[in-house]
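No experiment lies behind these values; they were computed from the predicted model shown. Here is how names work: the chains are called A, B, and so on, in the same order as the sequence lines, proteins then strands, and each is numbered from 1.
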Number of protein chains: 4
Amino acid sequence: MAMTQRRLAGRRPERRSQEKYEAILDAATAMVSARGYRAATVEAVAARAGVGKQTIYRWWPNKAALYVEVYAALVPAARLQVEAGDLTAELRHCLRQLFQIYREGPAASILVGLIADAQDEPAAAEAIRQGLIVGRRALLLEPMRQAIKRGQLPEDFDCERACDLIVALIWYRLLSGQRGPDDDFVETLIDMALRSSG
Amino acid sequence: MAMTQRRLAGRRPERRSQEKYEAILDAATAMVSARGYRAATVEAVAARAGVGKQTIYRWWPNKAALYVEVYAALVPAARLQVEAGDLTAELRHCLRQLFQIYREGPAASILVGLIADAQDEPAAAEAIRQGLIVGRRALLLEPMRQAIKRGQLPEDFDCERACDLIVALIWYRLLSGQRGPDDDFVETLIDMALRSSG
Amino acid sequence: MAMTQRRLAGRRPERRSQEKYEAILDAATAMVSARGYRAATVEAVAARAGVGKQTIYRWWPNKAALYVEVYAALVPAARLQVEAGDLTAELRHCLRQLFQIYREGPAASILVGLIADAQDEPAAAEAIRQGLIVGRRALLLEPMRQAIKRGQLPEDFDCERACDLIVALIWYRLLSGQRGPDDDFVETLIDMALRSSG
Amino acid sequence: MAMTQRRLAGRRPERRSQEKYEAILDAATAMVSARGYRAATVEAVAARAGVGKQTIYRWWPNKAALYVEVYAALVPAARLQVEAGDLTAELRHCLRQLFQIYREGPAASILVGLIADAQDEPAAAEAIRQGLIVGRRALLLEPMRQAIKRGQLPEDFDCERACDLIVALIWYRLLSGQRGPDDDFVETLIDMALRSSG
DNA sequence: TGGTAATCGAGACGGTACGTCCCGTCTTAAG
DNA sequence: CTTAAGACGGGACGTACCGTCTCGATTACCA
């Protein structure tokens, strides 16, 4: 999202065709839904979008960067946030919304594919770190910090640890191919997170 | 270790050359160490082992199955087990040994590569589930169950949940490319596992 | 020199910037000298001239047409003509001058590139025929015809045949990548041309 | 034909599939006939031959090398040679046969394409020099040398020059896109060659 | 002199081919 | 009959240019 890749430094994104841009993201989304992350090659996405391969490579350095953007579009932060004044309620909202999105569309497949890609493509790893981890963490961390301020959590509660726990368990559930993430899982996550320290 | 693949039923594994078999596992291990999991293609492993590609495909259905076996050899269950009569001591021993192995050699890279492969190759997924999850889980579960029997853990302690938590956090640490697994992490894991329910 | 392209009839060439026009020809010349005819793509010439690609395509239908013009500028007819009253002297002057030009700059590379391009681009073939053959032939034919009139050559001397012979041998020497055209070659050409019929 | 390219040094041509080899040469021939030399891309030839691209690149370093071999197959030296005891008869036979082949199939197109390719691909240039010039020259030179021995040509007749003249005029006729090579042209060539020195 | 139209640079665009890599299967010759 | 060596069809990679097109920003003509 941040367009920080060196090789795109000179590009002027305002010149990019909005139409093509959307066609590419749409095609990428559709391809994953239809045939899975691996089969959603740059070549296939380009063909489906009615676009030259170069047009994709012009704006994204690799498949991972493209799909970080697709993921971000599918999982808008706004949809996960809520101000409830109550930690459990806020986490419940965030996670239920997230899992709903995972169940509705290909976002989970994309996340899993990106994690896989990241293992041997440093560029992909960086794209993920920047696009998914850094930005998204606050969605969980912030409510916890607020809760401490409000006195709903002990002062020494380890927010980072709780946050890692939640993300780790979600990743594990997706990666190990167990049942999809459901609302029961939300309660388990919240329960475990709140117990994790303090 | 050998002969778990159903599809090789008709073959006569006794005819497999023990020498070549070891050469292949050694080459596979060396390749991952030297160039990483992705670059350790079947082609490259065969070349390094001085073996035809077909010889690998004859005995393993795919790269993942081969590396499940390499992983199992690198992380022998025996090295992780200990009978201490104390849950914390047993978990500490198991996890410290595991992390030591991860730090010494390519086992962690292999695990991560396998997880990645599993995402779009059902065969790889199955190989992992059979080879890594099913068998390995007992190493954590058993000590916990014993601890319940000994009264060191409450009756209603959720061993599965605690076990998932440990594995999930290990995977997350490896996959997210944070710092390697160290002895501090062992203590964190034990602490979190023991808090996770009850 | 300008405005021979029929297809530009509707344009008003007087609006073409003389400055840009020369910058393009200069860049085209420089590119061939520096990197050869093939590498002197329209894209590269435009970049070197500090000009948009479209500006080139606006005034020349294709690369060949552009280089016919560059060639014509590098090999001005005036430099090859002389009125000596003696066929051998006139041919010698013409050919020596031509070879000197070939040795000095990229004209030979351009000629060879154009011949190559002409083989599968009818447009290039036509550009060559119009720009190089039709106009240039007279430089050799005229002196021969004068020589016949002066009685220095037999009445039945086949000027066309002699002319073809000279051009063919020059092309062959350039195309076959043998030694460059030198003054010895001039004498060979004249000798062979004068023997070719009669 | 000589398989002297460095990068093929390690290959063992006896392992090449004769069937595929012929399919490739056939497809290459057919492609030139059907769509011309330029359009006969390696990709298109591979597709038409029902072969992977790699299979072509495995045995030929580039398109030019492939087509040198196609040309050699289309214009077998045996078909051009004859022992007549008479120079004119031998040259006439050679050239008439050659032109017949040019008129029948795509050999001329290939020659022209190769000459064009040679201008900016040193590899192609070398393939041509080795495959076409070095080997083929003897077909013209030998009869001339025999004629000198038999006293049918003066001792000081310059065979090289005569040979260059013939080849140059053939190339020129093909390259300049004039009328195809016919039997009249054979007589012109012989006449000019015999006059060219001595 | 201000409007308007063409030209300009820059470069995005769909497309085609490139030459390389590796997959998993098939073939060959040596042992 | 097994082996190593590696050829094979296939599919995707990421790059290079092609020739066309779309942008604003000049520029030059004409009203």
Side-chain angles (χ1 to χ4, degrees), chain A residues 10-17 19-21 23 38-47 49-59 61-63, chain B residues 11-12 15-17 19-20 23 38-39 41-44 46-47 49-58 60-63 121, chain C residues 10-12 14-17 19-20 23 38-47 49-63 121, chain D residues 7 10-17 19-21 23 38-47 49-59 61-63:
Chain A
R11 301 237 168 262
R12 301 175 351 192
E14 71 275 11
R15 296 208 46 170
R16 133 158 70 175
S17 154
E19 210 176 330
K20 303 305 175 184
Y21 173 68
R38 186 90 131 212
T41 63
V42 171
E43 202 142 24
V45 171
V51 140
K53 275 200 286 181
Q54 192 65 58
T55 300
I56 294 184
Y57 285 115
R58 211 182 327 266
W59 300 112
N62 48 56
K63 175 177 165 179
Chain B
R11 299 210 178 272
R12 296 174 307 175
R15 294 210 54 168
R16 144 158 58 167
S17 151
E19 209 175 327
K20 301 303 176 186
R38 186 91 129 211
T41 62
V42 171
E43 203 140 18
V51 139
K53 279 200 286 181
Q54 192 62 61
T55 303
I56 294 183
Y57 282 114
R58 212 185 321 274
W60 292 278
N62 49 56
K63 176 177 164 179
E121 297 179 45
Chain C
R11 302 206 177 275
R12 295 174 308 177
E14 69 277 8
R15 293 207 54 169
R16 142 156 62 167
S17 152
E19 209 175 327
K20 302 304 175 186
R38 186 90 129 210
T41 61
V42 170
E43 202 139 19
V45 170
V51 141
K53 279 200 288 181
Q54 192 64 61
T55 302
I56 295 184
Y57 283 113
R58 209 181 331 265
W59 303 115
W60 294 276
N62 48 55
K63 175 176 165 179
E121 297 180 42
Chain D
R7 48 182 304 215
R11 301 237 171 262
R12 301 178 350 192
E14 70 275 11
R15 296 207 47 169
R16 134 159 70 174
S17 154
E19 211 175 328
K20 303 304 174 184
Y21 172 69
R38 187 89 130 210
T41 63
V42 170
E43 203 142 23
V45 170
V51 140
K53 275 200 285 182
Q54 191 66 58
T55 300
I56 294 183
Y57 283 115
R58 210 183 326 267
W59 301 112
N62 48 57
K63 176 176 165 179

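Near DNA chain E, meaning a heavy atom under 4.0 Å away, the residues from residues 49-56 of chain C are G50(C), V51(C), G52(C), K53(C), T55(C).
One interatomic measurement links the two molecules: OH of Y57(A) to P of dC17(F), which rounds to 18 Å at whole-angstrom precision. Rounded to whole angstrom, the span from the NZ atom of K20(A) across to the C1' atom of dG15(E) amounts to 13 Å. As rounded to whole Å, 14 Å separates atom C1' of dG11(E) from atom CZ of R58(C). Protein atom CZ of R16(D) is 13 Å distant from nucleotide atom P of dG9(F), rounded to whole Å. Rounding to whole angstrom units, CG of residue N62(B) and P of dG24(E) are separated by 7 Å. The separation between E19(C) atom CD and dT7(E) atom C1' is 13 Å, rounded to whole Å.
Applying the salt bridge (charged side-chain N to carboxylate O under 4.0 Å, His left out) criterion to R15(D), with sequence neighbours excluded, gives no partner residue. Listed by chain and number, the residues in a side-chain contact (heavy atoms from CB on, under 4.5 Å) with A47(A) amount to none (sequence neighbours excluded). Taking the side-chain contact (heavy atoms from CB on, under 4.5 Å) definition, one finds that A39(D) meets it with R35(D), sequence neighbours left out. Under the rule for a salt bridge (charged side-chain N to carboxylate O under 4.0 Å, His left out), K20(D) has no partner lying at least two apart in sequence or in another chain. Remark: T55(C) pairs with I24(C), V51(C), R58(C), W59(C) by the side-chain contact (heavy atoms from CB on, under 4.5 Å) rule, at least two apart or across chains.
In the set dC17(F), dC18(E), dC13(F), dC17(F) carries the atom at the smallest distance from any side-chain atom of E43(C). The side chain of S17(A) has dC13(E) as its nearest neighbour among dC17(F), dA4(F), dC13(E).
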Is there any protein nitrogen or oxygen under 3.5 Å from a nitrogen or oxygen in nucleotides 29-31 of chain E, and what are the pairs?
none

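Regarding contacts with the backbone of dC13(F), every side-chain N or O of K63(A) stays at 4.0 angstrom or more from both OP1 and OP2. A close approach under 4.0 Å does not occur between any side-chain nitrogen or oxygen of W59(A) and OP1 or OP2 of dG11(E).
When all heavy atoms of A49(C) and A23(C) are compared, the closest pair comes out as CB-O, 3.7 Å.
The residue among A40(D) and T41(B) whose nearest nucleotide of DNA chain E is located toward the 5' end is A40(D). Checking V42(B) against A44(D), the closest nucleotide of DNA chain E that is more toward the 5' end is the one next to A44(D).
Rounded to the nearest 0.5 Å, atoms OG1 (T41(C)) and CD1 (I56(C)) are 9.0 Å apart.
End-to-end axis angle for the helix from dT1(E)-dA31(F) to dG31(E)-dC1(F), using five pairs per end and rounding to 10°, comes out at 20°.
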Given K63(C) and E121(C), is the salt bridge (Lys or Arg N to Asp or Glu O under 4.0 Å) satisfied, shown in steps?
CA-CA 10 Å; K63(C) 175 176 165 179; E121(C) 297 180 42; over 6 Å; no

